[in-house]
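To start, the structure itself, in structure tokens.
Note on naming: letters A, B, ... go to the chains in the order of the sequence lines (proteins, then strands), and numbering restarts at 1 for each one.
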There are 2 protein chains.
Amino acid sequence: MTELLTKNILNHITLSKKELESFCSLFNQKEVRKKHFLMQEGEICKFEGFVTKGLFRVYHIDSNGFEQVLYFAKENWWITDIDSFTNEKPSQLYIQALEDSEVLLISKKDKEFAYNNIPKIEKLFRVMTQKTHIALQRRIIDNLSKTADRRYIDFIEKYPNLFQRLTNLQIAAYLGISHEFLSKIRRKIASK
Amino acid sequence: MTELLTKNILNHITLSKKELESFCSLFNQKEVRKKHFLMQEGEICKFEGFVTKGLFRVYHIDSNGFEQVLYFAKENWWITDIDSFTNEKPSQLYIQALEDSEVLLISKKDKEFAYNNIPKIEKLFRVMTQKTHIALQRRIIDNLSKTADRRYIDFIEKYPNLFQRLTNLQIAAYLGISHEFLSKIRRKIASK
DNA sequence: TTCATTTATTGAACTTGTTCAATGTTTTGA
DNA sequence: TCAAAACATTGAACAAGTTCAATAAATGAA
């Protein structure tokens, strides 16, 4: 059940078997069926999650009712609202399963326990947060500098398997364009 | 010389006087005159810096020659190219002083030393990276959902003192619009 | 002070992307 | 399996933002 998690952790840092087991035992599995929510706006995010099966989208609904996708998370990805989780304040995000999914969840209390009792866990999350940080910076620059066509093409190239599992509506909400316009981009690309 | 740094650190975590001194002693001061560079594209970022005086901009130049500002850093802000620094690869960014400035720099080696010898430093950087992470997420959502007028108004409200020290060219490069269009936004706002 | 450089403003033509409404296609669940 | 719902495409009118070129204003270095 936690093999994928183990592998993922060892990808970031080195941990002894004992430390690994101790850390992994803090997680609880949860199933989330397609279209169901792991979290909704207004709730305080009580977990940090690791996706073992399926696909989620983390998104925001703005004051005009439009959805913006912050990120997608498939197997082997971490998922949370770091702001809500860390600062214990109401979330502005929704986390929804786009397929029948499974996640391993760790509570704030258990994560604190890990920080205090398995020193390397501090490093694990520092390293992971750093990696996400780098990706977010990249995305900001791309959003500022690239045209929608380019961002769409880049998205397909960067996440070819994710792309196949997503509708155009979802991709448009990630790219920050209307789905009608995405449709026109697709036509333009296809006609080449 | 390191009072501001000390204060900043204690704002994130608690450290003993001894730990603080030990950590602060790893920094070297550097002056950077207006328009001079702390780092340029292609270089490997050798430092993590803390601004004690002045103002910097961290920016990227895209393939069409346009500049995008990733962030500004004034006194009491940290500054680095985390990707280049962490992964020791050539940077895609420029870091330039917009005023006569001073920074405290720590090298990768000394930062590693701190990680290994002052356990709480791991936490310091995890917490700081987390905070930046939250701000970056916020900015991505704003860039996706808000119109340029709104982003400009928000910028002024969020960073009123920074705003006064920046030219409209710099602000436009941060907002991701042409400076001509920013000028038109300003006119529209003023006429109300 | 002065002159060169950088920054800011403006208008006109253009490009990119949105909105709305209609239509067709695919998926899904009872 | 079949109707409803969700998804995708298209065109036309519109809005947001860019580009280019000209001019004005502010700044800075000698």
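- If you check the side chains of B:Arg139 and B:Tyr71, you find no donor sitting under 3.5 Å from an acceptor.
- We find that B:Glu31 and B:Lys53 are not joined by a salt bridge, their nearest charged nitrogen and carboxylate oxygen being 4.0 Å or further apart.
- Looking at A:Ser16 and A:Glu19, their side chains do bring a donor and an acceptor atom within 3.5 Å of each other.
- Distances shorter than 4.0 Å separate none of the side-chain N or O atoms of A:Arg186 from OP1 or OP2 on D:dA8.
- One cannot find a donor-acceptor pair under 3.5 Å joining the base of C:dT9 and the side-chain atoms of B:Lys188.
- Checked by atom type, the side-chain pair A:Asp83/B:Gln137 shows no donor-acceptor distance below 3.5 Å.
- The minimum heavy-atom distance linking A:Lys108 with A:Phe85 is given by the pair NZ-O, 2.8 Å.
- The nearest whole Å value for the distance from the NZ atom in B:Lys184 to the P atom in D:dA15 is 17 Å.
- Classification of B:Lys89 and B:Glu41 as a salt-bridged pair fails, no side-chain N sitting under 4.0 Å from a carboxylate O.
- DNA chain D lies under 4.0 Å from no heavy atom of any residue of residues 138-152 of chain A.
- A salt bridge links A:Arg165 with A:Glu99: the distance from a Lys NZ or Arg NE/NH1/NH2 to an Asp or Glu carboxylate oxygen falls below 4.0 Å.
- Of the residues in residues 155-183 of chain A, those placing a heavy atom less than 4.0 Å from an atom of DNA chain D are A:Thr167, A:Asn168, A:Leu169, A:His179, A:Glu180, A:Ser183, in numerical order.
- In summary, the aromatic rings of B:Phe50 and B:Phe27 are positioned with their centroids too far apart to meet the 6.0 Å limit.
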